[in-house]
Visitor: 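The following block contains the structure, expressed as structure tokens.
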Amino acid sequence: MMQIYFQNNFVSLQYDVKHRLGKAIWKGHLRGPELREAYLLSLDLIERHYLTSWLADDRLMLTIAPEDLQWSLEVFVPRLVKTSLVRMARLPSHSDENREGVREMIIRGHTYYIDLTVKDFTSEQEALKWLLEQTPIN
């Protein structure tokens, strides 16, 4: 059962301890401090509960400003690849600009040695099925 970790007008961060699953539901334009805070809270959630799977619902997320993308590449991605995550499912944004920015973050993430598989889906049910396939349940 998913619990709310953080929520505002732009993002809802949720988690399920039993399945070690996190979820971010993004919407609208996040810029500057709001985006960075949400990304850092995501990292905190992952680290605090040692999550192994993550569902990024980006469907309603709009563009990422160039300076925020640069910050993400320099700060967020290096920290993300060092977390306990092993699987990330994405429901890509309807925004072409957002998809390009996130694609750049994924490419940068793969320049690190990581044990994180990222896969895109069109259906939340299929994404969750894949995430829970091999997630240990304690």
Side-chain angles (χ1 to χ4, degrees):
M1 179 174 189
M2 297 297 267
Q3 299 177 57
I4 301 284
Y5 182 73
F6 175 81
Q7 188 168 304
N8 65 18
N9 292 332
F10 304 107
V11 65
S12 175
L13 301 177
Q14 305 170 9
Y15 66 103
D16 178 336
V17 173
K18 179 181 176 188
H19 293 100
R20 295 172 62 188
L21 169 68
K23 180 179 179 181
I25 304 169
W26 301 92
K27 54 187 172 204
H29 285 282
L30 278 84
R31 297 229 183 272
E34 291 88 6
L35 178 74
R36 296 170 193 201
E37 177 187 35
Y39 277 0
L40 293 174
L41 285 168
S42 298
L43 290 171
D44 183 61
L45 172 59
I46 293 163
E47 292 167 351
R48 183 177 301 228
H49 295 288
Y50 201 71
L51 303 179
T52 56
S53 298
W54 190 264
L55 175 59
D57 185 344
D58 297 349
R59 291 175 288 189
L60 299 178
M61 188 180 195
L62 299 175
T63 58
I64 300 172
E67 60 274 12
D68 292 325
L69 179 59
Q70 189 61 41
W71 177 89
S72 299
L73 295 172
E74 292 172 3
V75 178
F76 176 69
V77 171
R79 286 189 54 193
L80 179 68
V81 299
K82 293 177 183 170
T83 68
S84 53
L85 286 185
V86 293
R87 283 187 176 200
M88 179 183 291
R90 293 184 52 249
L91 299 170
S93 174
H94 300 304
S95 159
D96 291 337
E97 293 86 1
N98 176 277
R99 286 195 308 272
E100 274 303 305
V102 171
R103 188 178 72 78
E104 192 171 334
M105 283 194 277
I106 291 169
I107 290 169
R108 177 68 62 94
H110 282 89
T111 64
Y112 298 92
Y113 175 76
I114 57 169
D115 189 23
L116 174 63
T117 304
V118 180
K119 192 171 177 182
D120 288 356
F121 292 87
T122 55
S123 153
E124 184 170 347
Q125 289 91 345
E126 287 297 311
L128 286 170
K129 179 181 173 191
W130 177 74
L131 287 172
L132 297 175
E133 274 176 1
Q134 297 179 353
T135 301
I137 299 173
N138 298 331

Visitor: Tell me if the aromatic rings of Phe10 and Trp26 count as close, with their centers under 6.0 Å from one another.
Guide: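 No - the distance between ring centres of Phe10 and Trp26 does not fall below the 6.0 Å cut-off.
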
Visitor: Donor-acceptor check, side chain of Asp16 to backbone of Met1, threshold 3.5 angstrom: yes or no?
Guide: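 Yes: the side chain of Asp16 pairs with the backbone of Met1.
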
Visitor: Between Arg90 and Asp58, is there a side-chain N and carboxylate O pair less than 4.0 Å apart?
Guide: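 The answer is yes: the pair qualifies as a salt bridge.
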
Visitor: Hey, quick one: are Trp71 and Leu30 part of the same hydrophobic cluster, counting side-chain heavy atoms closer than 4.5 Å, chains of contacts allowed?
Guide: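 They do share one cluster, since a chain of ILVMFWY contacts under 4.5 Å joins Trp71 to Leu30.
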
Visitor: Under the criterion side-chain contact (heavy atoms from CB on, under 4.5 Å), I'd like the reasoning laid out for Leu35 against Met61: C-alpha separation, chi angles, the key distance, then a yes or no.
Guide: CA-CA 11 Å; Leu35 178 74; Met61 188 180 195; 3.9 Å; yes

Visitor: Taking atom OG1 of Thr52 and atom CE of Met88, what is their separation to the nearest 0.5 Å?
Guide: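 Those atoms lie 12.0 Å apart.
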
Visitor: Considering non-hydrogen atoms only, spot the tightest contact between Gln14 and Leu45 and give its length.
Guide: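 Closest pair (atom of Gln14, atom of Leu45, distance): O-CD2, 3.7 Å.
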
Visitor: Per the ring-ring contact (aromatic ring centres under 6.0 Å, His included) rule, what does the pair list look like for residues 40-67, sequence neighbours excluded?
Guide: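 Listed by first then second residue: Tyr15-His49.
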
Visitor: Can you name the nearest heavy-atom pair linking Glu133 to Arg87, along with the distance?
Guide: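 Here Glu133 and Arg87 meet closest at OE1-NH1, 3.4 Å.
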
Visitor: Is there a path of hydrophobic side-chain contacts, each under 4.5 Å between heavy atoms of I/L/V/M/F/W/Y residues, joining Val86 to Val17?
Guide: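 Hydrophobic grouping puts Val17 apart from Val86.
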
Visitor: Check for me, please, whether Leu62 and Leu60 land in the same ILVMFWY cluster - side-chain distances under 4.5 Å, paths through other members count.
Guide: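 They do not share one cluster, since no chain of ILVMFWY contacts under 4.5 Å joins Leu62 to Leu60.
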
Visitor: Would Leu80 end up clustered with Ile25 when hydrophobic side chains under 4.5 Å apart are linked, directly or stepwise?
Guide: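 Cluster IDs for Leu80 and Ile25 differ.
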
Visitor: State, yes or no, whether a side-chain contact exists between Leu69 and Glu104 at a heavy-atom distance under 4.5 Å.
Guide: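 Contact flag for Leu69/Glu104 side chains = yes.
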
Visitor: First locate atom CG of Leu128, then atom NE2 of His19, and finally report the distance between them rounded to the nearest 0.5 Å.
Guide: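 That separation rounds to 10.0 Å.
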
Visitor: Could you go through the salt bridge (charged side-chain N to carboxylate O under 4.0 Å, His left out) check for Lys23 and Asp57 one step at a time?
Guide: CA-CA 7 Å; Lys23 180 179 179 181; Asp57 185 344; 5.5 Å; no

Visitor: Do Leu55 and Leu91 touch side chain to side chain, with heavy atoms closer than 4.5 Å?
Guide: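 Result yes, sub-4.5 Å side-chain heavy-atom pair found.
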
Visitor: Hey, is Arg59 close enough to Glu124 for a salt bridge, meaning N to O under 4.0 Å?
Guide: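 Salt bridge: yes.
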
Visitor: Compare every heavy atom of Pro92 with every heavy atom of Phe121, then report the nearest pair and how far apart it is.
Guide: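 For Phe121 versus Pro92, the nearest heavy atoms are O-CD, 3.3 Å.
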
Visitor: Do His29 and Thr63 have side-chain N/O donor and acceptor atoms under 3.5 Å apart?
Guide: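 Yes, Thr63 and His29 have a side-chain donor paired with an acceptor closer than 3.5 Å.
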
Visitor: Which atom pair, heavy atoms only, marks the closest approach of Ser42 to Leu13?
Guide: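 Looking at all heavy atoms of both residues, the closest pair is OG-CD2, 3.5 Å.
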
Visitor: Side chains of Ser72 and Glu74: is there a donor and an acceptor less than 3.5 Å apart?
Guide: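 Per modelled atom types, Ser72 and Glu74 side chains form no pair under 3.5 Å.
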
Visitor: What are the two closest non-hydrogen atoms of Met2 and Gly22, and how far apart are they?
Guide: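 Shortest heavy-atom contact: CE-C, 4.4 Å.
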
Visitor: Quick one: OG on Ser12 to NZ on Lys27, what's the gap to the nearest 0.5 Å?
Guide: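 The distance works out to 7.5 Å.
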
Visitor: What do the steps show when you test Leu51 against Thr83 for side-chain contact (heavy atoms from CB on, under 4.5 Å), and what is the final call?
Guide: CA-CA 8 Å; Leu51 303 179; Thr83 68; over 6 Å; no

Visitor: Can you measure from CG (Leu131) to CG (Leu85) and round to the nearest 0.5 angstrom?
Guide: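 Answer for the CG-CG pair, Leu131 versus Leu85, is 9.5 Å.
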
Visitor: Using 0.5 Å steps for rounding, measure from the CG atom of Leu132 to the NZ atom of Lys18.
Guide: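 Here the interatomic distance stands at 10.5 Å.
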
Visitor: Taking atom CZ of Arg99 and atom CG of Asp120, what is their separation to the nearest 0.5 Å?
Guide: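 Between atom CZ of Arg99 and atom CG of Asp120 there are 9.5 Å.
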
Visitor: So, do Arg79 and Tyr39 sit near enough that their side-chain heavy atoms are less than 4.5 Å apart?
Guide: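 When only atoms from C-beta onward are counted, Tyr39 and Arg79 do not touch, as no gap falls below 4.5 Å.
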
